Amino acid sequence: MFEEQVTRVKITSAVILVGMASMLAAVVTDHWAVLSPRVEKLNATCEAAHFGLWRLCKKSIFIVEEDPEGKGCGPISLPGAENCSYFKHFTSGEEAEVFEVKTQKEYNISAAAIAIFSLFFMFLGTLCVVLSFGKGRDYLLRPGGMFFAFAGLCIIISVEVMRQSVKRMIDSDETIWIEYYYSWSFTCACASFTLLILSGGALLLISMPHMPRNPWETCMDAEPDTLE
């Protein structure tokens with residue numbers, strides 16, 4: 001690998017690290033969306049919720065004055081009793097919670113599964129980039145770039161599935177939540193998509209063979225044929 005190529009790979013790797021950190025933050029946290037019921041009156045308790053790929057947290061908030069941002073029960077940062085429960089992605093039973101029965105559990109399962117694929121592709125891409133620094137292994141940059149691009153595509157698909165899950169939940173007549181907004185975990189997922197897609201494309205460009213500046217450059221650099 002040429003010195004100029006090494007510098008470009010290192011810069012791209014730094015961007016990839018930011019994208020990986022954003023993805024990990026999105027996958028392991030539960031602030032993808034914040035849900036709020038209608039606030040009928042002040043000086044009363046309402047139940048807001050926030051959730052991610054793995055669990056749903058409900059929070060009882062005592063409302064003294066209206067939310068200046070107009071988001072109903074909240075903001076979610078207000079103090080209150082919080083109760084979190086993990087989604088039973090891989091188990092079945094009759095004790096299903098509200099989220100599982102009434103808010104399209106299959107959407108959340110799909111989003112979590114796709115996010116796991118994204119982490120897997122991210123691991124493979126990291127392995128390829130690390131090994132590419134070895135002598136004569138720069139060809140690994142190409143599959144590494146593809147793996148990071150696949151990871152970015154998977155996480156944005158997971159984002160879209162979660163969006164559909166939230167919309168179905170809000171539109172359902174069987175849930176108390178009528179308002180929602182996307183929170184910082186959702187932002188991290190979108191940021192990781194952008195960074196990983198761009199970084200994957202950059203690695204593919206870096207791994208491409210050198211293109212001649214002039215049409216005749218390749219012919220002039222070729223060794224002349226020798227006559228026997």
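Please read these numbers as outputs of a predicted model, since none were measured by experiment.
- Judged purely by atom type and a 3.5 angstrom limit, S165 has no side-chain atom pairing as donor or acceptor with the backbone of V161.
- A distance of 9.0 Å separates OG of S185 from CE of M162, quoted to the nearest 0.5 Å.
- In this structure, F147 and F121 have parallel ring planes: the angle between them is below the 30° cut-off, well short of the 60° mark.
- Among I157, I156, L53, the single residue meeting the side chain to side chain contact (heavy atoms under 4.5 Å, CB included) criterion with I114 is I157.
- Residues V129 and L140 form no side-chain contact, since every pair of their non-hydrogen atoms from C-beta on lies 4.5 Å or further apart.
- In this structure, the side chains of L119 and M23 come closer than 4.5 Å at one or more pairs of heavy atoms.
- Inter-residue side-chain proximity for V159 and F186 is flagged as met; some heavy-atom pair is nearer than 4.5 Å.
- To the nearest 0.5 angstrom, I197 atom CD1 is 9.5 Å from F150 atom CZ.
- Looking at R142, its side chain never comes within 3.5 Å of a backbone N or O of L204 through a donor-acceptor pair.
- In this pair, Y180 and Y182 present their aromatic rings perpendicular. The plane angle is above 60°, beyond the 30 to 60° band.
- The side-chain heavy atoms of M20 and V18, taken from C-beta on, include no pair separated by under 4.5 Å.
- A heavy-atom distance below 4.5 Å is found between the side chains of L24 and M122.
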